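Values in this document were obtained by computation on a predicted structure and should not be read as measured data.
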Amino acid sequence: MSKRLIRIFLCIMMGIWGGRAFACDCEMPSTLETSLEGATYAFVGKCVMSKTNWMSGGMKYGFEISESWKRRVDSFMIVNTPFEKECGVRFEEGKSYLVFVEKKFTHKTNRCLGTQALDYVDIQELGESRSPAPSSLINPMIWTLTGLTVLGIFAVGFVILRRNKNTA
């Protein structure tokens with residue numbers, strides 16, 4: 001008898017929450033100004049990278065940014081979004097978008113923030129834009145490559161000196 005009650009209870013719960021578990025039920029903001037007010041960052045960017053983000057369950061996209069509003073952003077930003085069925089946005093590489101981002105541990109966006117393809121919006125409504133700053137990812141990369149090059153030169157020099165010492 002108790003197994004039957006558990007099955008009935010589970011079926012009822014699946015019926016109540018099962019259909020809504022992965023459905024997006026938000027509405028896009030009615031105006032671009034509303035989207036801008038709710039976002040931490042807003043920018044126009046061209047999608048140049050897309051990867052599955054298995055850690056957070058969604059996708060990770062890289063953008064080359066041409067214009068920004070709200071705050072100054074770097075010329076390159078990585079943005080996370082959930083899968084499409086969970087209000088995520090699917091970005092196509094090579095296409096430009098108006099992206100509204102929330103900063104919660106990482107940069108995140110979704111349909112509920114108003115992110116959309118640039119073809120469908122008039123960005124003049126947002127007012128004057130700013131140019132992006134040079135990417136902050138470039139400096140650490142240059143220092144890392146320089147350090148590895150110097151280490152490589154020292155390693156090669158050490159091997160040559162050791163070989164010459166052993167043959168003498």
Under the salt bridge (charged side-chain N to carboxylate O under 4.0 Å, His left out) test, residues paired with Arg71 that sit two or more places apart:
none
Can you name the residues that form a salt bridge (charged side-chain N to carboxylate O under 4.0 Å, His left out) with Glu84, not counting sequence neighbours?
Arg90
Quick one: hydrophobic cluster around [X], which other residues, with the 4.5 Å side-chain cut-off, linked directly or via members?
{"X": "Leu151", "value": "none"}
{"X": "Ile153", "value": "none"}
{"X": "Phe91", "value": "Tyr41, Phe43, Met59, Tyr61, Phe63, Ile65, Val73, Met77, Val79, Phe83, Val89, Tyr97, Val99, Val101"}

Nearest-0.5 Å distance that lies between atom [atom1] in [X] and atom [atom2] in [Y]:
{"X": "Phe154", "Y": "Thr149", "atom1": "CZ", "atom2": "OG1", "value": "12.0 Å"}
{"X": "Glu86", "Y": "Thr81", "atom1": "CD", "atom2": "OG1", "value": "9.5 Å"}
{"X": "Cys87", "Y": "Arg111", "atom1": "SG", "atom2": "CZ", "value": "5.5 Å"}

Once side-chain hydrogen bond (donor to acceptor under 3.5 Å, both in side chains) is applied, do any residues pair with Thr40, and if so which ones, sequence neighbours excluded?
none
Who passes side-chain hydrogen bond (donor to acceptor under 3.5 Å, both in side chains) against Glu64, sequence neighbours left out?
none
Donor-acceptor pairs are to be reported for all side-chain atoms of residues 113-125 against protein atoms at under 3.5 Å, with residues two or more places apart or in another chain.
residue: Thr115; atom: OG1; partner: Phe100; partner atom: N; Å: 3.0
residue: Thr115; atom: OG1; partner: Phe100; partner atom: O; Å: 3.3
residue: Thr115; atom: OG1; partner: Thr109; partner atom: OG1; Å: 2.6
residue: Gln116; atom: NE2; partner: Gly114; partner atom: O; Å: 3.3
residue: Asp122; atom: OD1; partner: Gln124; partner atom: N; Å: 3.3

Search all heavy atoms of Cys47 against all heavy atoms of Glu92 and return the closest pair with its distance.
CB-O, 3.4 Å
Non-neighbouring partners of Ile160 that pass side-chain contact (heavy atoms from CB on, under 4.5 Å), sequence neighbours left out
Val156, Asn164
Residue pairs fulfilling salt bridge (charged side-chain N to carboxylate O under 4.0 Å, His left out) with at least one residue in residues 98-109, sequence neighbours excluded:
Glu102-Lys104
Greater than 12 external heavy atoms within 6.0 Å of Lys60's NZ:
no
Counterpart residues, disulfide (SG to SG under 2.5 Å), relative to Cys112 (two or more places apart):
Cys26
Hey, are Asn80 and Thr106 close enough side-chain-wise for a donor-acceptor pair under 3.5 Å?
yes
Per the side-chain hydrogen bond (donor to acceptor under 3.5 Å, both in side chains) rule, what does the pair list look like for residues 27-36, sequence neighbours excluded?
Thr31-Thr34
